[in-house]
Number of protein chains: 2
Amino acid sequence: MSEVTRPTLSDALTERMLELIRTGGHRPGDRLPSTRELSQRFAVTTPTLREALRRLEATGAIEMRHGSGIYVGPAIERLVLPNPNMREMRGGQLLELLDARIVIEPPLAAMAARRARGDDLAALERVLGEAATHLRGEDAELHEANMTFHRATARLAGNSVLHEVVDSLLTVHGAEQREILQIFDDRRRDHEEHRAILQAIVAGDATAAEDRMRAHLADVKSVIEQRLHQPPK
Amino acid sequence: MSEVTRPTLSDALTERMLELIRTGGHRPGDRLPSTRELSQRFAVTTPTLREALRRLEATGAIEMRHGSGIYVGPAIERLVLPNPNMREMRGGQLLELLDARIVIEPPLAAMAARRARGDDLAALERVLGEAATHLRGEDAELHEANMTFHRATARLAGNSVLHEVVDSLLTVHGAEQREILQIFDDRRRDHEEHRAILQAIVAGDATAAEDRMRAHLADVKSVIEQRLHQPPK
DNA sequence: ACATATCAAGTCATCTAATCACTTAACGGC
DNA sequence: GCCGTTAAGTGATTAGATGACTTGATATGT
């Protein structure tokens, strides 16, 4: 098994595209040249170019829209990505994911409590208000609203790298948890715990925010542990 | 900008490949069918199949070796990935990365101190011994050895998800830091701080391990802050 | 004037069929 | 047993074409 592989033309094209995006000062959402123009500019055929483009697409650097064009993707500047190929977690991996969240999210709640201000707090309130409207609705929508609360809290902490980490963990966590949260009691308890965390953040009480987030995630973990031992019908 | 895009054949092929890997019980390193066989089996042409394969390759699910075949990649089971497209960090991003490490790595050192045993500790000792041989050597090798120490410590914490997070952060951190650590004094201080962390882990002293890791990373951050304000010649 | 339908041009998506470059295993010679 | 050569299998790329989609412009109807 060779550790050093020869760079392919397709590898080089990937680099050329990244360079083009960078030197062109392109931001997420900007349109890039068409595949025809790019294949001519780089003097390669379109299937070869498309290989490079698929690679960039898979990692969020570009978006390819059929009939429209190629656009710079939102993840171009990220450091950390959720694995898009994750379909099923190994036994125990979900619990490790929750433990990871228990390590990372409480300090973030504390950071949010220390630094969040007017507009930020109003936005977080809106997120929770939106979540409340889903308490009697579809699982998927409630779940999404709850994840939005966690994402918004991580964002308020003011560290983009940690926000990316939390976002990544929540993204891969998505489908697994959606199947599990199916009892009304958990919905309301979740919501109340989110409210308590928000109150601590609004009050600027870093210690309470951290403790409440940790307790909330420990609750979630406990529920999931039970579910893993007694799957619902 | 449409939020719902039509799935392409190439998208479907990506899913088919993931399914083939999963239902085949393939582990990282296992060889998969050739592109010729796969394109026949899925009734598509090789350029189309190769688009899907490049996507999977970019996210670590497979490795394509010219002349040899396609192999299941090491990242197939990961939840979190380093962004392979990261070439240059925005201003401030490196400091945020360090702050992220300051949040995550100290609790991991504490976890390692609580749970590491004989073989684990011996391996960590070997990592530091190896790093010591590079103190007078090339920057790249010393840097790699130092990163290995951090990775090994995160592994000893016993949470694979957090290990992936740390690995991802260290991976994207790599090239940036390599250019900065160029003074002998920092090399020795780094090494001594790593030794102190190891001793706390060996002693099973979770509090000391955590405090020393936090102090070490704060030192690293301080050095980097100075370098960012006064770039070396 | 505004709304709707149609069309043309540009764009991405996929195909067909071939050749080129690399790896690995088998075989022969020393 | 070791080394060199060859053949077979494999990934990598090309050239040229067609099909499917999007977007903007134009024409038509109310």
Side-chain angles (χ1 to χ4, degrees), chain A residues 1-17 20-21 24 26 28-74 76 84, chain B residues 1-17 20-21 24 26 28-74 76 84:
Chain A
M1 192 186 320
S2 169
E3 299 291 351
V4 181
T5 57
R6 166 192 152 116
T8 63
L9 186 52
S10 167
D11 294 332
L13 288 173
T14 302
E15 292 301 320
R16 295 285 294 277
M17 283 299 304
L20 182 153
I21 292 170
H26 292 297
D30 287 0
R31 192 175 178 287
L32 298 170
S34 71
T35 55
R36 279 204 177 89
E37 187 181 327
L38 289 169
S39 56
Q40 281 173 11
R41 186 185 299 190
F42 296 144
V44 298
T45 62
T46 65
T48 304
L49 177 76
R50 291 179 63 84
E51 288 189 24
L53 294 178
R54 286 300 186 199
R55 195 184 261 137
L56 291 167
E57 184 191 45
T59 44
I62 65 168
E63 291 179 341
M64 295 163 76
R65 297 200 203 114
H66 188 175
S68 175
I70 305 166
Y71 299 83
V72 178
I76 187 79
Chain B
M1 190 188 319
S2 167
E3 300 290 352
V4 181
T5 57
R6 166 191 153 118
T8 62
L9 185 52
S10 167
D11 293 333
L13 288 173
T14 301
E15 291 303 318
R16 294 285 295 277
M17 284 298 306
L20 181 153
I21 292 170
H26 292 298
D30 287 0
R31 193 177 176 284
L32 298 170
S34 71
T35 55
R36 281 196 178 88
E37 186 182 328
L38 288 168
S39 55
Q40 280 174 11
R41 185 185 298 191
F42 297 145
V44 299
T45 63
T46 66
T48 304
L49 177 77
R50 292 179 62 84
E51 289 189 24
L53 294 178
R54 285 298 185 204
R55 197 184 261 138
L56 291 167
E57 185 190 44
T59 44
I62 66 168
E63 291 178 341
M64 296 162 76
R65 297 200 205 111
H66 188 174
S68 175
I70 305 167
Y71 299 84
V72 178
I76 187 81

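If you're wondering where the values come from, they're calculated on a predicted model, not measured in any experiment. When reading the values below, keep in mind they use all heavy atoms of this one structure, side chains included, and skip hydrogens, waters and symmetry mates.
- At C/dA13, one or more side-chain N or O atoms of A/R50 fall inside 4.0 Å of OP1 or OP2 (strictly under the cut-off).
- Whole-Å rounding puts the A/R55 CZ to D/dT13 C1' distance at 14 Å.
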Inset, instruction - Please lay out, stage by stage, how B/E51 and B/R54 fare under the test salt bridge (Lys or Arg N to Asp or Glu O under 4.0 Å). - result: CA-CA 5 Å; B/E51 289 189 24; B/R54 285 298 185 204; over 6 Å; no
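- Computed from coordinates, the A/Q40 CD to C/dC12 P distance equals 12 Å when rounded to whole Å.
- Side chain of B/R31 to main chain of B/S68: a donor-acceptor pair is present (N/O by atom type, distance under 3.5 Å, no hydrogens or angles).
- Atom P of nucleotide C/dT14 and atom CG of B/L13 are separated by 8 Å, given to the nearest angstrom.
- When the C1' atom of D/dG24 is taken as reference, atom CZ of A/R65 falls 17 Å away, rounded to whole Å.
- Here CG of A/L56 is found 9.5 Å from CG of A/L32. Values are rounded to the nearest 0.5 Å.
- Rounded to whole Å, atom P of C/dT23 lies 15 Å from atom CE of B/M64.
- For D/dG9, its base never sits under 3.5 Å from the side chain of B/R36 at any donor and acceptor pair.
- Side-chain N/O atoms of B/H66 and base N/O atoms of D/dA12 include no donor-acceptor pair closer than 3.5 Å.
- The two residues B/A52 and B/L13 make their nearest non-hydrogen contact at CB-CB, 3.7 Å.
- Nucleotide D/dT22 holds its C1' atom 16 Å from the CD atom of A/E63, rounded to whole Å.
- For the pair A/L38 CG and C/dG10 C1', the interatomic distance rounds to 14 Å; values are reported in whole Å.
- Between the P atom of C/dT11 and the CG atom of A/L49 lies a distance of 14 Å, rounded to the nearest Å.
- For C/dC15, one of the phosphate oxygens OP1 or OP2 lies less than 4.0 angstrom from a side-chain nitrogen or oxygen of B/T48.
- Residue B/R54 has a polar side-chain atom (N or O) positioned under 4.0 Å from OP1 or OP2 of D/dA12.
- Along DNA chain D, the nucleotide nearest B/S34 and the nucleotide nearest B/P47 are compared for position; the residue whose nucleotide lies closer to the 5' end is B/S34.
- Take the nearest nucleotide of DNA chain D for A/L9 and for A/Y71: the residue whose nucleotide is more 5' is A/L9.
- The closest side-chain donor-acceptor pair between A/T14 and A/D11, if any, does not fall under 3.5 angstrom.
- Residue contacts for B/T45: at a heavy-atom cut-off of 4.0 Å it reaches a base atom on one of the strands shown.
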